[in-house]
> 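Provided herewith is a single structure, encoded as structure tokens, for subsequent inquiry.
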Amino acid sequence: MQKNDTGAGVLDVQQKLAELNFLADSQVTGTYDDATGVAVSAFCQANGLPATTQVNEKVWAALLDATFHLGDRTLYLRMPHFHGNDVKQLQNALNALGFACNDDGIFGAYTELALRKFQLNMGLPSDGIAGAFTYRAVHNLHHSWEGKPGPQAAVHLGFARASDVLERNALCLFGTDSFTRSVAARMSNLALATNPASKIVSADSLLVAPDGDMLLVQIVVGQEGAQQNVPFVTFDEEETLGLRLRTAMGAATQIPPRIAISLPSAQWQDAGEGRSAQHYAIALLDAICAALSLETE
């Protein structure tokens, strides 16, 4: 397209330029005039394209990329990769929620992996496809990621600073075998040692059945216990664990609400079972306190 061209194609270009604030709404006329050429040139300069006042294939492709919005199309891993503003918005959301990936606007393997982890975290089918259910989950969490940088590291508060968090939030921790029950019990003991009024307790020490407001936290090893509609958080990337736990807590819709945390194995490095359980207990309690604190900000 060039100067003096008219028609629906010119109108489409002008509308996209107006949406991107390179052209005023009053200048969307359907005629390729001087103002449109100036706007195209400014768009090229802002997007690292060779300066031109005409719309060639590269300029048109860049305009399309820039005007896609999150949810406009289904995204998944393919060749050639999807790319555009909607991909970058998805990447920004994933990063801010603790699922680190590139923020280059290209839906590659790292973005698909981050998306799969997010879906697992939200209790959704972990298929790596950004479709209606995934977009709904992302949009429901908009207050947690819009306008926030990524990737973000978890906030490690430490037990002393988190002592008020321990008594404000009721959690029941439980495992399904001797190792995960040991981790749950050690987390409860650490919480009570920090604050005797702690409401974060293990199922073994719970004297009454949990009520509808108590968050149930199941600790598992590997993929054991992964269920649809139950947010499932993996222990990997410990620096973002608090953020991912916060996301899972917000997605827990059952009554009482429930999430699962997956440990990579029953052994941490070369430590024995007792030391491994204690390491996981400290790291998990710290991350849970960080997540609960972030929820109240």
Side-chain angles (χ1 to χ4, degrees), residues 1-116 118 128-132 134-139 141-152:
M1 299 179 196
Q2 55 189 346
K3 189 175 179 181
N4 297 324
D5 283 350
T6 59
V10 173
L11 192 63
D12 194 10
V13 167
Q14 290 177 328
Q15 288 172 337
K16 285 178 167 50
L17 289 168
E19 180 182 340
L20 297 169
N21 297 317
F22 289 99
L23 203 62
D25 289 340
S26 60
Q27 295 173 310
V28 179
T29 61
T31 299
Y32 202 113
D33 52 15
D34 289 337
T36 303
V38 170
V40 169
S41 179
F43 171 78
C44 291
Q45 184 176 359
N47 287 271
L49 297 172
T52 180
T53 60
Q54 300 179 359
V55 177
N56 54 32
E57 288 185 6
K58 287 187 177 180
V59 174
W60 174 245
L63 275 171
L64 280 177
D65 274 0
T67 51
F68 277 123
H69 297 288
L70 190 65
D72 282 353
R73 53 183 176 166
T74 300
L75 299 172
Y76 52 91
L77 188 62
R78 69 165 196 185
M79 291 298 292
H81 297 322
F82 282 108
H83 49 82
N85 182 57
D86 56 340
V87 177
K88 190 170 180 63
Q89 287 177 332
L90 176 62
Q91 291 170 330
N92 290 341
L94 291 171
N95 275 321
L97 292 169
F99 303 89
C101 60
N102 298 332
D103 60 352
D104 53 7
I106 300 172
F107 195 103
Y110 289 114
T111 301
E112 187 205 34
L113 178 60
L115 180 61
R116 285 181 181 274
F118 169 77
I129 300 173
T134 297
Y135 286 135
R136 185 182 305 164
V138 173
H139 284 303
L141 293 166
H142 69 93
H143 59 280
S144 297
W145 60 265
E146 280 185 342
K148 297 183 180 180
Q152 299 178 351

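Note that the coordinates shown come from a computational prediction; the quantities given were computed from them, not determined experimentally.
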> What I'd like to find out is whether the side chain of Q27 reaches to under 4.5 Å of the side chain of Q14, using heavy atoms alone.
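A side-chain contact is absent here, since even the closest heavy-atom pair is not under 4.5 Å.
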> Let me see the working for L75 and Y135 under side chain to side chain contact (heavy atoms under 4.5 Å, CB included), right down to the final yes or no.
CA-CA 10 Å; L75 299 172; Y135 286 135; 3.4 Å; yes
> Do you know which two heavy atoms are closest between V13 and W60, and how far apart they sit?
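Between these two residues, the closest heavy atoms are CG2-CZ3, 3.7 Å.
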> Look at the side chain of N95 and the backbone N and O of Q91, then say whether any donor-acceptor pair between them is shorter than 3.5 Å.
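Judged by distance alone, yes, a pair lies under 3.5 Å.
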> For side chain to side chain contact (heavy atoms under 4.5 Å, CB included), just list the numbers for H83 and D104, CA-CA rounded to whole Å, side-chain angles, deciding distance to a tenth of an Å, and then say yes or no.
CA-CA 9 Å; H83 49 82; D104 53 7; over 6 Å; no
> Which pair of heavy atoms, one from A93 and one from V138, lies closest together, and at what distance?
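Where A93 meets V138 most closely, the heavy atoms are CB-CG1, 4.0 Å.
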> Could you measure the distance from the CG atom of L97 to the CG atom of N92? Nearest 0.5 Å is fine.
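Output value for this atom pair is 10.5 Å.
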> Would you mind reporting whether T52 and Q54 have side-chain heavy atoms less than 4.5 Å apart?
yes
> Considering only distance and modelled atom types, tabulate donor-acceptor pairs under 3.5 Å from the side chains of residues 39-50, sequence neighbours left out.
residue : atom : partner : partner atom : Å
N47     : ND2  : F43     : O            : 2.9

> Testing the basics here: between V59 and N56, what is the closest heavy-atom pair and its distance to 0.1 Å?
N-OD1, 2.9 Å
> Give me the atom names and distance for the closest heavy-atom approach of D103 to K88.
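Smallest interatomic distance, heavy atoms only, reads O-NZ, 2.6 Å.
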> Looking only at heavy atoms, which two atoms of L115 and A130 are closest? And how far apart?
CD2-N, 3.7 Å
> To the nearest 0.5 angstrom, please state how far the CE atom of M1 sits from the OG1 atom of T53.
13.5 Å
> How many angstroms lie between atom CG of L113 and atom CG of L94, to the nearest 0.5 angstrom?
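Between L113 CG and L94 CG, I get 10.5 Å after rounding to 0.5 Å.
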> Quick one: pull up OG1 in T6 and OH in Y32 and give me the separation to the nearest 0.5 Å.
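Rounded to the nearest 0.5 Å, the OG1-OH separation comes to 13.0 Å.
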> Using a 4.5 Å cut-off on heavy atoms from C-beta on, say whether the side chain of T111 contacts that of I106.
no
> Once rounded to the nearest 0.5 Å, what's the spacing between atom CG of D33 and atom CG of L23?
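Those atoms lie 7.5 Å apart.
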> Could you go through L20 and L63, starting from their C-alpha distance and side-chain angles, then the distance that decides it, and tell me whether this counts as side chain to side chain contact (heavy atoms under 4.5 Å, CB included)?
CA-CA 9 Å; L20 297 169; L63 275 171; 4.0 Å; yes
> If the condition is salt bridge (charged side-chain N to carboxylate O under 4.0 Å, His left out), which residues does K3 pass it with, not counting sequence neighbours?
D34
> Check whether any side-chain heavy atom of L11 sits under 4.5 Å from a side-chain heavy atom of V28, and report yes or no.
yes
> Just how far is it from atom CD of E19 to atom CG of L17, taken to the nearest 0.5 Å?
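Here the interatomic distance stands at 10.0 Å.
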> Would you name the heavy atoms of H139 and L70 that are closest together and state the gap between them?
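That closest heavy-atom pairing would be NE2-O, 3.8 Å.
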> Less than 4.5 Å apart, any side-chain heavy atom of T29 and any of T36?
no
> Would the distance check show the side chain of N85 and the main-chain N or O of F68 forming a donor-acceptor pair, the cut-off being under 3.5 Å?
yes
> Counting C-beta onward and ignoring hydrogens, is there a side-chain heavy-atom pair between F107 and D86 closer than 4.5 Å?
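No; the side chains remain at least 4.5 Å from each other.
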